[in-house]
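What follows is a short report on a single structure.
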Amino acid sequence: MIAFVSGRVAAAGPDGAVIDVHGVGMAVQCTPATLAGLRVGEEARVPTSLVVREDSLTLFGFADDDERAVFELLQTASGVGPRLALAMLAVHTPNALRRAVAAEDLAALTKVPGIGKKGAQRIVLELKDRLGGPVGDAEDVRAPAAAEPWREQVHNGLINLGWSAKDADAAVDAVAADLDGDTPPVAVLLKSALKKLSK
């Protein structure tokens, strides 16, 4: 089990980063919020969870140990694999997930791409006693909606990928202009921004 990786951030993409650990590039899949905190060329310590499959070894990275613990707990629910658990953490903070499960808030859970009403009911049923209530005084939401937190995350992601601040601003504005109603996850917005820049 690799509990964390520590080293220089060698690269960052829309859904992961490469951390240079003493000359070995460790590919780490992360939530957009975790990626937003990583800067290419700077040192980082990323808590990780290693998922072993017959045909692959995948390292998932998190903003902190609590996020990693929730990621691992989510996968104890039937039908929740690492990709879905990561998607849940991309949409909600660990405390928001604890609150949604404790309050049986199916609407909050179905905001996650890939979770329908039945899936949300199963997650609540299986995780209610395991996840527990919110911990500490951490924010429950990724950030206030009014401030459109995705803008900064997408902007930082584009700069990490080598685009200029001017190009990043233009792409973020173009993506914002296309939005209609609910805001999709940051990873989806980042991909839309990259498409606009590649035109």
Side-chain angles (χ1 to χ4, degrees), residues 1-76 80-94 97 112-114 138 142-143 149-172 174-175 184-199:
M1 167 72 179
I2 300 171
F4 69 89
V5 293
S6 182
R8 189 178 56 82
V9 181
D15 37 16
V18 177
I19 313 286
D20 179 343
V21 182
H22 302 297
V24 177
M26 295 277 200
V28 185
Q29 306 245 331
C30 307
T31 63
T34 305
L35 281 171
L38 301 176
R39 298 277 174 275
V40 174
E42 290 184 8
E43 293 290 315
R45 180 185 181 279
V46 181
T48 56
S49 178
L50 180 65
V51 175
V52 180
R53 292 275 183 270
E54 267 179 41
D55 56 349
S56 67
L57 294 172
T58 310
L59 206 53
F60 291 88
F62 306 95
D64 53 39
D65 293 331
D66 183 42
E67 198 171 74
R68 178 184 61 201
V70 169
F71 171 80
E72 289 171 352
L73 262 173
L74 290 172
Q75 291 173 75
T76 63
V80 179
R83 300 248 171 253
L84 188 55
L86 198 67
M88 290 169 79
L89 285 163
V91 175
H92 298 293
T93 61
L97 282 170
V112 179
R142 282 275 167 220
W150 67 266
R151 280 177 170 268
E152 189 185 352
Q153 291 173 349
V154 172
H155 189 273
N156 289 343
L158 293 171
I159 287 173
N160 278 340
L161 292 168
W163 298 94
S164 69
K166 187 179 168 196
D167 285 342
D169 284 338
V172 167
V175 170
V186 173
V188 173
L189 294 164
L190 187 52
K191 282 180 185 148
S192 302
L194 288 167
K195 274 190 194 143
K196 292 191 181 295
L197 286 165
S198 61
K199 279 181 184 168

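Residues Val46 and Leu38 form a side-chain contact, since some pair of their non-hydrogen atoms from C-beta on lies under 4.5 Å apart. No side-chain heavy atom of Lys191 sits under 4.5 Å from any side-chain heavy atom of Pro184.
With rounding to the nearest 0.5 Å, the separation of CG in Leu197 from CH2 in Trp163 is 4.5 Å. A distance of 8.0 Å separates SG in Cys30 from CG in Leu86, rounded to the nearest 0.5 Å. Considering OG of Ser49 and CD1 of Ile2, their distance stands at 10.0 Å, rounded to 0.5 Å. To the nearest 0.5 Å, atoms CZ (Arg151) and CG (Leu189) are separated by 10.5 Å.
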(message) Assess the residue pair Val80 and Phe71 against the criterion (side-chain contact (heavy atoms from CB on, under 4.5 Å)); give the C-alpha distance rounded to whole Å, side-chain angles, the decisive distance to 0.1 Å, and a yes or no.
(response) CA-CA 10 Å; Val80 179; Phe71 171 80; over 6 Å; no
(request) Determine, step by step, whether Glu67 and Thr31 satisfy the side-chain contact (heavy atoms from CB on, under 4.5 Å) criterion, reporting the C-alpha distance in whole Å, the side-chain angles of both residues, the deciding distance to 0.1 Å, and the verdict. (result) CA-CA 10 Å; Glu67 198 171 74; Thr31 63; 4.0 Å; yes
(message) Walk me through whether Leu190 and Gln153 qualify under side-chain contact (heavy atoms from CB on, under 4.5 Å).
(response) CA-CA 8 Å; Leu190 187 52; Gln153 291 173 349; over 6 Å; no
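The side-chain tip of Arg45 points at the ring of Phe4 from less than 6.0 angstrom away and within 45° of straight on.
The pair Asp65-Arg68 meets the salt-bridge criterion, since a charged nitrogen lies less than 4.0 angstrom from a carboxylate oxygen.
Between the Thr76 side chain and the Glu72 main chain, no donor and acceptor come within less than 3.5 Å of each other.
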